[in-house]
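Working notes, structure below.
Quick caveat, the model's predicted, so the values are computed rather than measured. In the text below, chain A, chain B and the rest are named by the order of the sequence lines, each starting its count at 1.
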There are 2 protein chains.
Amino acid sequence: MDTTLELGGLSADAYLKSCASRTVLNALADKWTCLLVDALRHEPVRFGALRRRLDGISQKSLTQTLRTMERDGIVIRTHYPTIPPRVEYELSALGHSVVTLMSGIKGWAEEHVDEIVTARKRYDACLDEEAQPVPSPLR
Amino acid sequence: MDTTLELGGLSADAYLKSCASRTVLNALADKWTCLLVDALRHEPVRFGALRRRLDGISQKSLTQTLRTMERDGIVIRTHYPTIPPRVEYELSALGHSVVTLMSGIKGWAEEHVDEIVTARKRYDACLDEEAQPVPSPLR
DNA sequence: CGGTATCCGCTGCGATACTG
DNA sequence: CAGTATCGCAGCGGATACCG
């Protein structure tokens with residue numbers, strides 16, 4: 001039995017590069033997208049606030065990511081033509097339906113960061129000791 | 001109340017670029033990582049089988065992604081020195097603990113692909129009609 | 001404030017060729 | 001079969017400057 005065939009005969013298969021769901025996966029499987037969905041999960045947030053929250057993101061990347069999410073119907077952009085201008089972003093219904101998954105990924109990363117850092121050290125140490133079989137005690 | 005402070009006083013915060021959990025998020029939030037976790041969720045799979053399953057992946061990217069996952073302790077690599085050689089990859093306990101989330105992302109992409117494709121068309125159409133205010137009925 | 005436009009260095013990734 | 005090594009290009013993302 002193929003797991004790509006669930007109830008109702010869902011035809012999309014992200015394993016296929018020509019399937020549109022692959023492009024959706026590509027958009028979702030992104031660091032910034034994940035953090036943005038999480039950041040917007042409770043209430044609308046302004047552009048500047050998002051920029052401060054997502055430490056290290058450039059203005060360009062933030063704009064681009066938000067624009068893609070808006071295009072995909074994940075977020076809703078509201079522009080208040082005040083002076084100074086004010087732009088708020090909020091999740092659509094579609095966006096809210098993926099909050100659990102995206103916040104879950106972020107949460108998992110935070111929960112298991114210690115195990116993973118340890119695993120990385122162990123892996124790197126093993127490579128090192130292969131390269132230097134014996135650290136030559138004399139000389 | 002800050003959502004980064006859950007029970008037990010978890011100190012990791014993926015919003016901060018200097019936090020190690022950001023690097024974990026970076027590794028997880030990847031198209032190939034997501035598909036690989038899903039592909040390995042039931043049983044060990046050989047390198048060649050993974051390559052055929054993940055349509056469009058290059059050998060280099062597959063090797064790199066698997067190596068990173070092995071380093072992070074997500075997958076276990078087993079090499080059988082037969083002729084021809086045979087290498088199997090399987091999820092570790094840590095890897096199994098993220099299957100639900102990763103397969104969930106893939107599943108969500110497949111479930112909502114139609115809505116998103118529609119949203120994209122609508123967005124692109126709106127941009128076009130702004131560029132061409134009236135499609136000049138007369139010529 | 002919230003963009004857009006431009007430049008530009010870096011690396012991500014695919015293609016190809018070769019190895020144990 | 002399952003890699004490693006090398007090359008070469010495209011695109012991402014940061015920095016900067018300017019606009020509504």
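- One can place OH of Tyr89(A) at 9 Å from P of dG2(C), the figure rounded to the nearest angstrom.
- With rounding to whole Å, Gln64(A) atom CD is found 14 Å from dA15(D) atom C1'.
- Across the protein-nucleic acid pair, Leu62(B) atom CG and dG3(D) atom P stand 8 Å apart, rounded to whole Å.
- In terms of phosphate contacts, Arg51(A) brings no side-chain nitrogen or oxygen within less than 4.0 Å of OP1 or OP2 of dC1(C).
- In this structure a side-chain-to-backbone donor-acceptor pair under 3.5 Å is missing from Arg86(A) to His79(A).
- Between Arg67(A) and the phosphate of dT4(C), there is a side-chain N or O to OP1/OP2 separation shorter than 4.0 Å.
- The separation between Lys17(A) atom NZ and dG14(C) atom C1' is 11 Å, rounded to whole Å.
- Here Tyr80(A) lies out of heavy-atom contact (under 4.0 Å) with every strand.
- Smallest separation of non-hydrogen atoms from Met102(B) and Cys34(B): O-SG, 3.2 Å.
- Among the nucleotides dG3(C), dG20(C), dG20(D), the one closest to the side chain of Pro85(B) is dG20(C).
- Within a 6.0 Å sphere centred on CZ of Arg77(A), heavy atoms belonging to other residues, nucleotides or ligands number more than 12.
- Contact annotation: Thr82(B) side-chain N/O to dC1(D) OP1/OP2 distance is not under 4.0 Å.
- Side-chain proximity of Pro84(A) to dG3(C), dG3(D), dC1(C): nearest is dC1(C).
- Residue Glu88(B) contributes atom CD, which lies 13 Å from atom C1' of dC1(D) at whole-angstrom precision.
- One finds a side-chain N or O of Ser61(A) lying less than 4.0 angstrom from the OP1 or OP2 phosphate oxygen of dG14(D).
- Projected onto DNA chain D by closest heavy-atom contact, Ser58(A) and Arg86(B) fall at different nucleotides, the more 5' of which corresponds to Arg86(B).
- Counting only heavy atoms from C-beta on, Lys60(B) has its side chain closest to dT6(D) among dT6(D), dG3(D), dT4(C).
- In this structure, Arg46(B) reaches the sugar-phosphate backbone alone: every heavy-atom distance under 4.0 Å involves primed, P, OP1 or OP2 atoms, never a base.
- A distance-only check finds no donor-acceptor pair linking the side chain of Ser21(A) to the backbone of Glu110(B) [under 3.5 Å].
- Salt-bridge check for Arg41(B) with Asp38(B): passed, with a basic side-chain N closer than 4.0 Å to an acidic carboxylate O.
- We find that CD1 of Ile83(A) is positioned 14 Å from C1' of dC19(D), with the value rounded to whole Å.
- Each of dT4(C), dG20(C), dG3(D) was ranked by its minimum atom distance to the side chain of Phe47(B); first place goes to dG3(D).
- Applying the 3.5 Å distance criterion, the base of dG3(D) shares a donor-acceptor pair with the side chain of Gln59(B).
- Nucleotide dG2(C) holds its P atom 9 Å from the NE2 atom of His79(A), rounded to whole Å.
- Between Lys31(A) atom NZ and dG14(D) atom C1' there is a gap of 12 Å when expressed in whole angstrom units.
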